[in-house]
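Values below: every heavy atom of this structure, side chains too, minus hydrogens, waters and symmetry copies. FYI, the numbering just counts along the sequence from 1.
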Amino acid sequence: MDDIIFNLKLTNRQLEKLSKKANADERKEKLKVSQALKGKDAERARLFAENAIRKKSEGLNYLRMASRIDAVTSRLQSAQSLKAITAQMGGVVKGLDRAMQSMDLVALTNIM
């Protein structure tokens with residue numbers, strides 16, 4: 001279970017890095033658009049603008065996927081901690097059962 005959580009966290013970081021890279025590429029494409037417009041080359045500017053739009057949507061998709069993976073990781077961690085707590089509670093209950101068997105109810109009532 002720990003390996004799965006580790007791999008999900010690693011994947012989450014990779015997706016966040018890819019998102020940042022896509023955003024940087026988008027900014028570069030926007031600069032190319034403005035340079036092409038200054039050079040009065042509308043066709044090149046249109047191509048660069050399409051690339052910028054595509055990079056923006058890529059970045060958003062990476063962030064969306066990273067968010068989903070983060071949610072799954074959180075759920076797995078919660079399940080793992082709940083499982084550990086359940087095991088600990090089972091040990092406590094067994095201990096109490098042994099205490100109940102070794103003592104009589106009157107002595108337990110006096111203790112409480």
Side-chain angles (χ1 to χ4, degrees):
M1 184 74 106
D2 288 331
D3 292 338
I4 294 170
I5 291 173
F6 176 78
N7 287 334
L8 286 173
K9 286 182 180 180
L10 183 66
T11 303
N12 190 25
R13 284 192 202 116
Q14 289 173 342
L15 287 172
E16 287 174 354
K17 285 182 183 179
L18 286 172
S19 172
K20 287 179 184 178
K21 185 178 183 316
N23 288 337
D25 290 344
E26 175 197 0
R27 285 190 294 274
K28 288 178 187 177
E29 292 294 326
K30 284 182 179 180
L31 286 174
K32 289 179 185 178
V33 169
S34 63
Q35 290 173 352
L37 287 175
K38 286 179 185 175
K40 298 186 183 194
D41 192 359
E43 188 62 30
R44 288 183 76 198
R46 182 178 294 119
L47 290 173
F48 291 137
E50 288 174 2
N51 289 342
I53 292 168
R54 189 181 72 250
K55 289 294 180 180
K56 181 174 181 126
S57 63
E58 277 180 22
L60 289 175
N61 286 337
Y62 286 137
L63 276 180
R64 201 173 290 125
M65 184 62 80
S67 173
R68 289 178 182 165
I69 288 177
D70 189 40
V72 169
T73 304
S74 174
R75 286 184 194 142
L76 284 175
Q77 284 176 329
S78 295
Q80 188 177 22
S81 62
L82 231 63
K83 184 178 178 182
I85 290 171
T86 303
Q88 290 173 353
M89 289 299 292
V92 169
V93 168
K94 287 178 185 176
L96 285 174
D97 283 343
R98 276 187 252 126
M100 291 277 289
Q101 290 173 358
S102 66
M103 302 174 104
D104 61 357
L105 290 175
V106 176
L108 281 176
T109 310
N110 290 335
I111 292 172
M112 294 182 174

*Residues which pass side-chain contact (heavy atoms from CB on, under 4.5 Å) with R13, listed by chain and number, not counting sequence neighbours*: none
*Among the clusters formed by ILVMFWY side chains lying less than 4.5 Å apart, do L10 and L76 turn up in the same one?*
no
*Rounded to the nearest 0.5 Å, what's the gap from NZ on K32 to CZ on R44? Could you check?*
9.0 Å
*Compare every heavy atom of S19 with every heavy atom of G59, then report the nearest pair and how far apart it is.*
O-OG, 3.2 Å
*Which atoms form the tightest heavy-atom contact between E26 and A52, and what is the distance?*
CG-O, 3.6 Å
_Please find the pair of heavy atoms, one from L37 and one from A45, that lie closest to each other, and give the distance._
CD2-CB, 3.7 Å
For residues 61-70, which side-chain N or O atoms pair as donor and acceptor with protein atoms under 3.5 Å away, sequence neighbours left out?
residue	atom	partner	partner atom	Å
N61	OD1	R64	NH1	2.7
N61	ND2	S57	O	3.3

Would you be so kind as to tabulate the donor-acceptor pairs closer than 3.5 Å made by side chains of residues 1-9, with sequence neighbours excluded?
residue	atom	partner	partner atom	Å
D2	OD1	Q80	NE2	2.6
N7	ND2	D3	O	3.3

*CD/E29 to CZ/R54 distance, rounded to the nearest 0.5 angstrom?*
7.5 Å
_Looking at L82, is its backbone amide N or carbonyl O close enough to the side chain of T86 to form a donor-acceptor pair, meaning the two atoms are under 3.5 Å apart?_
yes
*Kindly compute the distance separating CD (E58) from CG (N23), expressed to the nearest 0.5 Å.*
10.5 Å
_Using 0.5 Å steps for rounding, measure from the CZ atom of R75 to the OG1 atom of T73._
10.5 Å
